[in-house]
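Residue indices begin at 1 and follow the sequence shown. Predicted model, so just to flag it, every value in this text is computed and none were measured.
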Amino acid sequence: SLLTVSQIAKDLGLSAIKLNKLLESLDVQYKKGGKWYVKAKYQDKGYAQYETVLISEDKTAHNLKWTERGKKFIVELLDKEYGIKLNTLKGEN
């Protein structure tokens with residue numbers, strides 16, 4: 001299943017904005033034209049996919065979504081770099 005950055009951020013006790021900025025500072029993603037993109041070195045790792053959403057008959061949007069593998073990568077990276085852990089109040093590890 002694909003996850004939004006908001007869903008992952010909630011599990012980490014962060015806002016989506018904060019998580020996006022942390023991932024940007026760790027050189028995992030970048031923002032262009034108001035959209036987030038995974039850096040080239042991570043594109044073939046299976047961490048994220050782009051979901052295409054139909055906005056109107058002739059317009060679509062591409063939204064970055066994270067895989068379970070991507071969530072695990074983010075959780076491990078933030079723990080290693082910042083000591084940020086999953087919110088264990090909900091019984092998650």
Gln49 and Thr67: CA distance, side-chain angles, deciding distance, side chain to side chain contact (heavy atoms under 4.5 Å, CB included) verdict | CA-CA 7 Å; Gln49 295 178 14; Thr67 63; 4.0 Å; yes

Step by step, would you call Leu77 with Tyr82 a side chain to side chain contact (heavy atoms under 4.5 Å, CB included)?
-> CA-CA 8 Å; Leu77 182 65; Tyr82 299 111; over 6 Å; no

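The shortest side-chain heavy-atom distance between Asn87 and Leu12 does not fall under the 4.5 Å cut-off. Taking the side chain as every heavy atom from C-beta outward, Leu26 and Leu78 approach each other to under 4.5 Å. In this structure, the side chains of Leu23 and Ile74 come closer than 4.5 Å at one or more pairs of heavy atoms. Two residues are said to be in side-chain contact when any heavy atoms from C-beta on lie closer than 4.5 Å; Tyr50 and Asn63 fail this criterion.
Between Asp27 and Tyr42, the closest heavy-atom pair is O-CE1, 3.5 Å. Across Lys35 and His62, no two heavy atoms sit closer than the pair CD-O, 3.6 Å. Closest heavy-atom contact between Trp66 and Ile8: CB-CD1, 3.5 Å. Taking all atoms of both residues into account, the shortest heavy-atom contact from Lys39 to Gln29 is CG-N, 3.8 Å. Contact record, Thr60 with Ile55: C-CD1, 4.0 Å, taken as the closest heavy-atom pair. Closest non-hydrogen pair, Lys31 versus Glu24, comes out as N-OE2, 4.3 Å.
Between the CD atom of Gln7 and the OG atom of Ser1 there is a distance of 8.0 Å, given to the nearest 0.5 Å.
Linking ILVMFWY side-chain heavy atoms closer than 4.5 Å, directly or via other members, places Trp36 and Ile17 in two distinct hydrophobic clusters. When the side chains of ILVMFWY residues are joined at heavy-atom separations under 4.5 Å, either directly or via intervening members, Val38 and Leu2 end up in two distinct hydrophobic clusters. A continuous path of Ile, Leu, Val, Met, Phe, Trp and Tyr side chains, each step under 4.5 Å between heavy atoms, connects Leu3 with Leu22, placing both in one hydrophobic cluster. In the hydrophobic clustering of ILVMFWY residues, with side-chain heavy atoms under 4.5 Å counting as a link, Tyr37 and Leu19 come out together.
Judged by distance alone, the side chain of Arg69 and the main-chain N or O of Ala48 form no donor-acceptor pair under 3.5 Å.
Tyr47 and Phe73 have parallel rings, their planes meeting at less than 30° on a 0 to 90° scale where 60° marks the start of perpendicular.
Ion pairing of Glu76 with Lys80 is absent here, as no side-chain N (NZ or NE/NH1/NH2) approaches a carboxylate O to less than 4.0 Å.
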